[in-house]
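This is the structure I have questions about; it appears just below.
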Amino acid sequence: AQKITQTQPGMFVQEKEAVTLDCTYDTSDPSYGLFWYKQPSSGEMIFLIYQGSYDQQNATEGRYSLNFQKARKSANLVISASQLGDSAMYFCAMREGLNQGAQKLVFGQGTRLTINP
Amino acid sequence: DAGITQSPRYKITETGRQVTLMCHQTWSHSYMFWYRQDLGHGLRLIYYSAAADITDKGEVPDGYVVSRSKTENFPLTLESATRSQTSVYFCASSASGLAKNIQYFGAGTRLSVL
C-alpha cells in the first residue's frame, strides 16, 4: 500500500492565487513527521516545511503553510500568493518511528505545479 | 559552505560496466542516504548509513553497493550496470537526534546506461 499519496499529477494556477497541494499518508505509528520538498526544473531538492505528528499547531514558513488534519491523515501544502518562481515539482514525504530515532523518508510521486502569469 | 556535493553530475555508461557515484558532505552529518528518482515513482531509497561503517538497505537495494569508511563520504557503486538503472540519483544527509531532522540533498547525478 502507498504510504504517501499525492493525487494531483499536475496543477495550473494563476499568479497571485493561493494553491493547495494534496497529500495523504498511511501509518499506524503515532510518532511521525511530514515534510514537503520543492524540486524546480534545475533539479535540486529544496526543503520547504515540516509537521510533526504531535505538533499542536499547523506549521508555517513564510508563504508556505501545512494544513495538517491528523484524523483524515492529510498534510496538504498551501502556498499563498503564488509566484512564477513557485512553478516546480512538489513532493510530500513522511518519516515514521520518530521515537525510535528512525531517519528514513518515504516520498510521494509528486505534483507538478505550473504558475501562469 | 560547500554542503553536499555529488559527482559526476552526468554519466553515460554501458551495460555491464561498473560505475561509482560519489557523495561528499561537509556538515559532519551522521546520516547519509542514496535515492533514485524515476518518473512515476518519486524518490525511492536505495541505501542509507547511520554512521561510518554502518549501512543498511532501503526500498530498492538490488544491484547497488555502498560503503562509508569516512563520515563525509558515501559512494554508491553499480557493480554491473543495467538499463533499468538509468535514473537520477540523489544523495542526502541529515544530523541525528532531532525529530525534525531535515534531509539536505545534493544536486543529483543523471546516469544513463546504454
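In what follows, every chain begins at residue 1, and chains take the letters A, B, ... in the order their sequences are listed. What you see is a predicted model; the values in this text were computed from it and never measured.
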In terms of heavy-atom contacts, does NZ of Lys11(B) have more than 12 from other residues, nucleotides or ligands at under 6.0 Å? no

Counting neighbours of CG on Leu39(B) that are heavy atoms of other residues, nucleotides or ligands and sit closer than 6.0 Å, is the number greater than 12? no

Please answer whether the main-chain N or O of Asn101(B) pairs with a side-chain N or O of Arg95(A) as donor and acceptor at a distance below 3.5 Å.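 Yes, because the side chain of Arg95(A) sits within donor-acceptor range (under 3.5 Å) of the backbone of Asn101(B).
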
Note, Tyr35(B) side chain near Leu105(A) side chain (heavy atom, < 4.5 Å):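 Result yes, sub-4.5 Å side-chain heavy-atom pair found.
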
Below 4.5 Å, heavy atoms only, C-beta onward: do Met45(A) and Phe90(B) meet side chain to side chain? yes

Does Lys70(A) NZ have over 12 foreign heavy atoms under 6.0 Å away? yes

Centres of the Phe105(B) and Tyr37(A) rings: under 6.0 Å?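 Ring-ring flag for Phe105(B)/Tyr37(A): true, centres closer than 6.0 Å.
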
Find the distance between CD (Gln103(B)) and NZ (Lys104(A)) and round it off to the nearest 0.5 Å.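 Going from CD on Gln103(B) over to NZ on Lys104(A), the span is 11.5 Å.
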
Please identify each residue that fulfils side chain to side chain donor-acceptor pair (under 3.5 Å) with Thr13(B), with sequence neighbours left out. none

Under 4.5 Å from any heavy atom of chain A - which part of Leu45(B): side chain

About how many Å separate CD1 of Ile102(B) and CZ of Phe35(A), when rounded to the nearest 0.5 Å? 7.0 Å

Out of curiosity, does Val106(A) fall in the hydrophobic cluster containing Tyr47(B) (side-chain heavy atoms, cut-off under 4.5 Å, transitive links)?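 In one cluster: no.
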
Over all atoms of both residues, closest heavy-atom pair of Gln103(A) and Ser94(B):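 Looking at all heavy atoms of both residues, the shortest contact is OE1-OG, 3.6 Å.
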
Show the numbers, then the answer: is there a side chain to side chain contact (heavy atoms under 4.5 Å, CB included) between Leu43(B) and Phe91(A)? CA-CA 9 Å; Leu43(B) 277 76; Phe91(A) 290 97; 4.2 Å; yes

Does one side chain, of Gln39(A) or Gln37(B), offer a donor that lies under 3.5 Å from an acceptor on the other?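 A pair is found: one side chain offers a donor N or O, the other an acceptor, under 3.5 Å apart.
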
Looking at Ile54(B), I want to see if its CD1 is surrounded by more than 12 non-hydrogen atoms of other residues, nucleotides or ligands under 6.0 Å.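 Yes, the 6.0 Å shell around CD1 holds more than 12 heavy atoms from other groups.
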
Does CZ in Arg63(A) sit with more than 12 non-hydrogen atoms of other residues, nucleotides or ligands closer than 6.0 Å? yes

